[in-house]
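Contents: one structure, followed by commentary.
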Amino acid sequence: MNSIQKNTQRLFQDALNRCSEEGLIKGTTPEVPITLPKKPEHGDFATSIALMTAKKAGRPPRELAQMIIDRIQDPEGIIDSIEIAGPGFINIRLSDDVWYRGLETILREGSDFGRGEKRAHPKINIEFVSANPTGPLHVGHGRGAAVGDALARLLRFAGYQVSSEYYLNDAGRQIWNLGQSVYVRALEILREENSPVLKKSPLDIPEFPEDGYRGDYVSDIAQDLLEKKGAEWVVENTDMDNISSFAAARLTDTIRESLEKFNVHFDVWFSEKKLHESGSIKNAVNELRKTSYIYEKDGALWFKSSELGDEKDRVVVRDSGEPTYFASDIAYHADKYGRGFDHLINVWGADHHGYVARMKGAVQALGHSPDSLETLLVQFVTLKRGDEKVSMGKRSGQFVTVDDLLEEVGRDPMRYFFLERRHDSHIDFDIETARSQDPTVNPAVYVQYGHARACSIIRKAEKELVIKKQAFSIELARQLQHEDELRILRRMMDFPVIVEDAAEAREPHRVINYLQDLSRQFQSYYTRTKSDPVLPPPSVRKGDWRKNWDWEKTHARLLWVEAIAIICKSCLDILGLAASTRMARLSE
RNA sequence: GCGCCAGUAGCUCAGAUGGAUAGAGCGCCGGACUUCGAAUCCGUAGGUCGGGUGUUCGAGUCACCCCUGGCGUGCCA
């Protein structure tokens, strides 16, 4: 709720309370809802309070509505008119000055407009991507990256203290597998080169591991390994530790570079390996042993997750004595709490949803509220080229990588389309649309153009027409008489509400929808007011034109355009999209 | 079998936590530039919100039951 909405709400709340004090309403009075009507005819705000409390008042809703209205005290005169509509809705129209004051707020607060109040708690940890460093990032990871990063930005903007984190699974079987894959490829290279190192050695080339990594990048790493460490070093490395580490480190760098290019940053890269080395996993398991949720069966250690909302119990330590991935994850989450976070958000691929319940259970067993762990499941992306689906064979290793897409469609359209929809709905990503530079085709370009256009107007006013910017005054703002100018100003004042709600719901896509709407309204205004433009057109700039031009209106409109630019910029920043102040000319 | 998510216009999807006549983009069709910022804008058409029952002043939204699709249901990670 923004301040205008809050003030309006108070007037109605007070009026309702007066009804109650006079004994017109039985029982407790509910909080008065103030909503934004879909249709402009329904005023600036609407409330259904009369419908909600009609029963308690024992009167028809419309009659009650009138009684509430009669008890409104509005000394500041923020309300222009009130009417009862339909079955008993109260439609409220505010005085234009309220909105003009809003313009002042936007201009004064600038990039802070809409920002939530800073709060110390909850201290939020948001973990996302966390792809194994066993290969390049694919499209699915890309969506998770965009969603997690935008959510982190959104939460920060909304005032939360947020740390973003990548959990690096740089230990365990998959990493061993990776090392073995690289090792075999390296030996194959040596064989092909008829390397003397290999001939001297009696060892045969081992089979390529069945669930090994078959992508071309494995050979690249093998090649690199041979160059950096030398053939002998490689051949003599029979336990995979060194080679695995080399390969994982290499792939971690690759992943980090891809994410940087994608404008995704992490505050912390958290290593699973270090969790093993530091004894954290043992500690976490011991911690669990103190609870009643642990038991032994068939030589393994089990977690009684079935008592904490999961379908069945889960193994924590195998009969071999080796901890499972779940054990690492318990230790990891314990570590997050240990570092002072009181709210954890995990952004996971939808294929991990079977994992959510046991993780919540573990968190609970460790003594934290299960509500303090939130998991967002990001659905899959289908790639398309026009009508044609781009096939992605999972087994063959022939998947489309984040780098491929970055190269073909570019960073901003990619982020835009990954963020445009709710995280839990499937999306079709059309490469052809995304790579288009035409704003009428590509909504990602369209919203950037909206911002650039606003900036262009201001730049032109200052540089080309040498118009000196005027300070805000209510008299000046009253020059904004065009219906669209007021409507768009009202829409601008929604921004703080959009931010608050989007952050609360963990839904960055709401910011995109809002930005899309604001840009569209602005560009529509812009084209339709061609005969009454913000800036004096060349056709009038003749002779003594400066004396005849309506400067007050232009000054007011320039402030208004500036406010639009401010809000577009804030939206783009939250989404991690570039906010160019001018668009590159399209050549043909 | 069980569990989770989804099903809204030809297509892709919104729908602000239960509100008024369900919206947008794209596509289709029809319009607007001797350019101020047309790289844009305006308009028409298009719907039993998968189906049903219920909850209530009021349901795309909540509950229950079906149908369809995706995913999950490892001492894999």
Side-chain angles (χ1 to χ4, degrees), chain A residues 33 35-39 41-42 46-48 50-52 54-55 60-61 85-89 91 130 132 134 169 171-175 177 211 272 297-302 310-312 314-320 322-326 328-329 349-357 377 379-380 384 387 417 420-422 424-430 433 437-443 445-446 449 452-454 456-457 460 494 497-498 500-502 504-505 507 509-510 512-514 516-517 520 523-531 533-541 583-586:
Chain A
T35 56
L36 307 172
K38 289 175 195 156
K39 293 175 179 290
E41 311 91 84
H42 294 150
T47 177
S48 57
L51 291 160
M52 288 167 63
K55 218 170 216 179
F89 291 102
N91 292 335
S130 299
N132 290 355
T134 52
N169 298 117
R173 238 182 82 76
Q174 294 310 317
I175 293 296
N177 229 327
D211 48 354
E272 184 193 356
K297 196 182 92 182
D298 304 332
L301 200 63
W302 293 71
D310 198 5
E311 296 171 338
K312 51 185 281 193
R314 310 288 176 177
V315 171
V316 176
V317 181
R318 288 180 255 254
D319 54 11
S320 64
E322 227 189 319
T324 59
Y325 176 82
F326 183 37
S328 316
D329 233 358
D351 53 335
H352 284 70
H353 82 242
Y355 204 74
V356 174
L377 297 174
Q379 284 292 344
F380 295 119
K384 291 169 80 176
D387 291 333
F417 286 106
E420 193 187 22
R421 308 301 182 196
R422 289 176 53 97
D424 57 358
S425 75
H426 293 89
I427 52 175
D428 281 7
F429 184 102
D430 181 4
T433 302
Q437 289 302 301
D438 184 345
T440 61
V441 171
N442 188 340
V445 176
Y446 186 89
Y449 187 56
R453 184 168 255 181
S456 295
I457 293 172
K460 183 169 183 178
D494 290 344
V497 187
I498 300 292
E500 190 182 319
D501 290 353
E504 176 77 19
E507 292 181 353
H509 81 280
R510 294 192 195 187
I512 281 208
N513 287 348
Y514 173 77
Q516 182 72 42
D517 185 50
R520 199 155 286 279
Q523 307 220 51
S524 165
Y525 162 86
Y526 167 82
T527 304
R528 283 186 293 124
T529 55
K530 218 169 54 168
S531 56
V534 174
L535 297 176
S539 53
V540 307
R541 300 206 299 261
M583 297 298 273
R585 274 267 155 208
L586 255 193

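A note on names: the letters A, B, ... follow the listed sequences, proteins ahead of strands, and every chain is numbered from 1.
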Counting only heavy atoms not in A/R541 (residues, nucleotides, ligands), do more than 12 fall under 6.0 Å from its CZ?
yes
Describe the nucleic acid contact of A/P533 in one word from base, sugar-phosphate, nothing, applying a heavy-atom distance below 4.0 Å.
base
B/G15, B/C42, B/C13: which one has an atom nearest the side-chain heavy atoms of A/D428?
B/C13
Between A/I175 and A/E272, is a side-chain contact (heavy atoms from CB on, under 4.5 Å) present by the stated rule, with each step listed?
CA-CA 11 Å; A/I175 293 296; A/E272 184 193 356; over 6 Å; no
Nearest to the side chain of A/R318 - B/U17, B/C76, B/C5?
B/C76
Residue-phosphate contact under 4.0 Å: A/T433 side-chain N/O, B/C11 OP1/OP2
no
Check every strand shown and say whether A/N91 touches a base, only sugar-phosphate, or nothing at a heavy-atom separation below 4.0 Å.
base
Measuring from atom NE2 of A/H509 to atom CD1 of A/I427, what distance do you get when rounded to the nearest 0.5 angstrom?
12.0 Å
Check whether any side-chain heavy atom of A/T35 sits under 4.5 Å from a side-chain heavy atom of A/S48, and report yes or no.
no
In whole Å, what is the span from the CD atom of A/E272 to the P atom of B/C76?
14 Å
So what does A/A46 touch, heavy atoms closer than 4.0 Å: a base, only the sugar-phosphate, or nothing?
base
State which of B/A77, B/A38, B/C75 makes the closest approach to the side chain of A/V315.
B/C75
Identify, with sequence neighbours excluded, every residue that meets ring-ring contact (aromatic ring centres under 6.0 Å, His included) alongside A/F429.
A/F417, A/F418
Of the listed nucleotides (B/G74, B/G19, B/C2), which one gets closest to any side-chain atom of A/L51?
B/G19
What does A/V534 touch in the nucleic acid at a heavy-atom separation under 4.0 angstrom: a base, only the sugar-phosphate, or nothing?
base
Using atom CG of A/D310 as one end and atom C1' of B/G74 as the other, report the distance to the nearest whole Å.
13 Å
Nearest whole angstrom, please: distance from the P of B/C13 to the CZ of A/F429.
13 Å
Chi angles and distances behind the side chain to side chain donor-acceptor pair (under 3.5 Å) call for A/T134, A/Q174
CA-CA 7 Å; A/T134 52; A/Q174 294 310 317; over 6 Å; no
Of the listed B/A39, B/U17, B/A77, the closest approach to the A/Y449 side chain comes from B/A39
Donor-acceptor contact present, side-chain A/S524 to main-chain A/R520, <3.5 Å:
no
Calculate the interatomic distance between A/R173 atom CZ and B/G74 atom C1'; express it in whole Å.
12 Å
Looking at side-chain heavy atoms only, is the closest gap between A/V315 and A/F326 below 4.5 Å?
no
Do A/D517 side-chain and B/A16 base share a donor-acceptor contact under 3.5 Å?
no
Nucleotide B/U73, atom P - distance to NE2 of A/H353 in whole Å:
8 Å
If you assign each of A/I498 and A/R314 to its closest nucleotide in RNA chain B, which residue comes earlier from the 5' end?
A/I498
Just to be sure I understand the rule, does A/D430 reach a base, reach only the sugar-phosphate, or reach nothing, if contact means heavy atoms closer than 4.0 Å?
nothing
Does any part of the side chain of A/R318, heavy atoms only, come nearer than 4.5 Å to the side chain of A/T324, both counted from C-beta?
yes
Under the rule syn = chi within 90° of 0, otherwise anti, which is B/U34?
anti
NA contact type, A/R422, heavy-atom cut-off 4.0 Å: base, sugar-phosphate, or nothing?
sugar-phosphate
NA contact type, A/H509, heavy-atom cut-off 4.0 Å: base, sugar-phosphate, or nothing?
sugar-phosphate
Pick base, sugar-phosphate or nothing for A/A300, based on heavy-atom distances below 4.0 Å to the nucleic acid.
base
Would you indicate which nucleotide in B/A16, B/C41, B/A77 comes nearest to any side-chain atom of A/H352?
B/A77
Does OP1 or OP2 of B/C57 have a side-chain N or O of A/K55 closer than 4.0 Å?
yes
Between B/U21 and B/U68 - C1' atom distance, rounded Å:
31 Å
Any A/K38 side-chain nitrogen or oxygen under 4.0 Å from OP1 or OP2 of B/A20:
yes
Separation of the C1' atoms in B/A20 and B/A63, to the nearest angstrom:
25 Å
Intra- and interstrand pairs of RNA chain B - dot-bracket, Watson-Crick/G-U under 3.5 Å, | marks other strand:
(((((((..((((.....[...))))..((((.......))))......(((((..]....))))))))))))....
Would you mind reading off the distance between A/E507 atom CD and B/A14 atom C1', rounded to a whole angstrom?
11 Å
What is the distance from CZ of A/R453 to P of B/C41, rounded to the nearest Å?
7 Å
Can you pull every protein N or O that's under 3.5 Å from an N or O on nucleotides 25-34 of chain B?
{"from": "B/C26", "atom 1": "OP1", "to": "A/T440", "atom 2": "O", "distance (Å)": "3.2"}

B/G47 and B/G30, which share atom name C1', separated by this distance in whole Å:
23 Å
Quick one: label A/H426 by what it contacts on the DNA or RNA (base, sugar-phosphate, nothing), any heavy atom closer than 4.0 Å.
sugar-phosphate
If I pick the P atom on B/U35 and the same atom on B/U44, what distance separates them, to the nearest angstrom?
29 Å
Given atom OH of A/Y355 and atom P of B/A77, what is their separation to the nearest angstrom?
9 Å
Mind checking whether A/D298 and A/D319 have side chains closer than 4.5 Å, heavy atoms only?
no
Closest heavy-atom pair and its distance - A/R510, A/D501
NH1-CB, 3.5 Å
Could you measure between the two C1' atoms, the one in B/U61 and the one in B/U73, and give it in whole Å?
30 Å
Ignoring backbone atoms, test whether A/Y446 places a side-chain nitrogen or oxygen under 4.0 Å from the OP1 or OP2 oxygen of B/C41.
yes
Could you check whether any side-chain heavy atom of A/P33 comes within less than 4.5 Å of a side-chain heavy atom of A/M52, counting everything from C-beta outward?
yes
State, with a plain yes or no, whether a side-chain heavy atom of A/Y525 is found less than 4.5 Å away from one of A/V534.
yes
Between A/S456 and A/A85, name the one whose nearest nucleotide on RNA chain B is closer to the 5' end.
A/A85
Given B/A14, B/A39, B/C71, the nucleotide with the shortest approach to the side chain of A/D351:
B/C71
A/F89 stacking on B/A20: centroids under 5.5 Å, ring planes under 30°?
yes
